[in-house]
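Below, read A as the first sequence line, B as the second, and so on, with proteins coming before strands; counting in each chain starts at 1.
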There are 2 protein chains.
Amino acid sequence: MERESPVRLFQNYLKSQGFNVTKVRCQITETLFSAPEHMTVADLWARLRNERNISMSTIYRTLDLLVEGGLIRKIDLGDAFAHYEPVLGQTRHEHLICTRCSKIVEFALPDIEERFFETAEHYGFLHQRHELKIFGLCPDCQKSSISQEVP
Amino acid sequence: MERESPVRLFQNYLKSQGFNVTKVRCQITETLFSAPEHMTVADLWARLRNERNISMSTIYRTLDLLVEGGLIRKIDLGDAFAHYEPVLGQTRHEHLICTRCSKIVEFALPDIEERFFETAEHYGFLHQRHELKIFGLCPDCQKSSISQEVP
DNA sequence: TTCGTTGCAAAGCTTTTGCACGAAT
DNA sequence: ATTCGTGCAAAAGCTTTGCAACGAA
């Protein structure tokens, strides 16, 4: 059995909420799901502007809809930009980020995640979500740090 | 034996780097260390402007120096503002944040922290730092959510 | 006196908003 | 035909920077 494509799911969401299904919205969704993860608005804009005239406002607005529809998640990767990652069929994961080249590795620690829920409960909080980021130097950047000092 | 005051430590740092020890820098440091944690630049500005005319630029610049000197840490608490917290004599901790009233609880999970180091190593990364944030509703906000619906 | 430092205003950056034109139903 | 969506430009909001006046050594 085939899984529904993200674009199809988004179309269903839009209809269910009384929003219009438009070409731009579908193109943004397709681009977001067909390319490197953790894209920023600028990334999407750079990829889409070849195909059509598109404004960043529209990208921001469409991404908001995708977030509300539960298809993507807005994440903070420690830089100045909002990043977006697919939620569909993804297991919950955290991010390991290279502070030199921005390379990102996804990892999961399911047993530890349980502790996060317990911690919230322990302080009487109702857990909503959590975010774990580990920053460091990736293997490549460690090598180049030796031969060629970072400015 | 008494511990050196933050202001004194900062003065030492400034001298060691050839920077001037100024009244403004000392006042900012004193205010930052004598009041609620996780302050923003605007918080500091509001507290200091009663005593003297001070610009946000200076606060930003002084905070940068305090970060470089290792006396404070710049942290992201999920809102639009940069927050700063003392490093001195603090044990490493993470943050539990109420998404409604922004209340913050600090907690530590030392055994789990070890796993973060291992995770970095496992992927060949050289660990530099990590950040864990748990978002949820604090006890008070859970109560008021029942009686009085959030808009 | 000599430089580093400060306050002010302007600029920078990402993101949001107002509005008239254009597209979807 | 009506309502919603889009592009453009301007505005917002936090942070940074240029510069002349000021203060520390």
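No hydrogens or angles considered: a donor-acceptor pair under 3.5 Å links the side chains of A:Glu85 and A:His95. Between the side chains of A:His38 and A:Glu106, at least one donor N or O lies within less than 3.5 Å of an accepting N or O.
One can place NZ of B:Lys15 at 16 Å from C1' of C:dG4, the figure rounded to the nearest angstrom. Remark: C1' of C:dC8 and CZ of B:Arg49 are 13 Å apart, rounded to the nearest angstrom. Rounded to whole angstrom, the span from the CD1 atom of A:Ile54 across to the P atom of D:dG7 amounts to 5 Å. When the P atom of C:dG22 is taken as reference, atom CG of A:Asn53 falls 13 Å away, rounded to whole Å. Regarding B:Arg61, its CZ atom lies at a distance of 10 Å from the C1' atom of C:dC8, rounded to whole Å. The interatomic distance linking A:Met56 (CE) with D:dA10 (P) rounds to 17 Å, in whole Å. The interatomic distance linking A:Trp45 (CH2) with C:dT14 (P) rounds to 12 Å, in whole Å. For the pair A:Phe81 CZ and D:dT15 C1', the interatomic distance rounds to 14 Å; values are reported in whole Å.
Counting heavy atoms from C-beta on, the side chains of B:Glu113 and B:His130 come closer than 4.5 Å.
In this structure, B:Lys133 pairs ionically with B:Glu131, as a charged nitrogen and a carboxylate oxygen lie closer than 4.0 Å. Between A:Arg61 and A:Asp64, no side-chain nitrogen of the basic residue sits less than 4.0 Å from a carboxylate oxygen of the acidic one, so the salt-bridge criterion is not met. One finds a salt bridge joining B:Asp111 and A:Arg115 here, because a Lys/Arg side-chain nitrogen approaches an Asp/Glu carboxylate oxygen to under 4.0 Å.
The phosphate of D:dT15 has OP1 or OP2 within less than 4.0 Å of a side-chain N or O from B:Tyr60. Close to C:dT6, at under 4.0 Å from its OP1 or OP2, lies no side-chain N or O of B:Thr58.
Interface remark: the B:Ser57 side chain does not form any donor-acceptor pair with the D:dT15 base, using a distance-only criterion of under 3.5 Å. Side-chain N/O atoms of B:Arg52 and base N/O atoms of C:dG7 include no donor-acceptor pair closer than 3.5 Å.
If you check every strand for non-hydrogen atoms under 4.0 Å, A:Ala82 touches sugar and phosphate atoms only.
Using a 4.0 Å cut-off on heavy atoms, the residues of residues 16-23 of chain B that approach DNA chain C are B:Phe19, B:Asn20, B:Thr22, listed by number.
A:Leu126 and A:Tyr123 fall into different hydrophobic clusters, where Ile, Leu, Val, Met, Phe, Trp and Tyr side chains are chained together by heavy-atom contacts under 4.5 Å.
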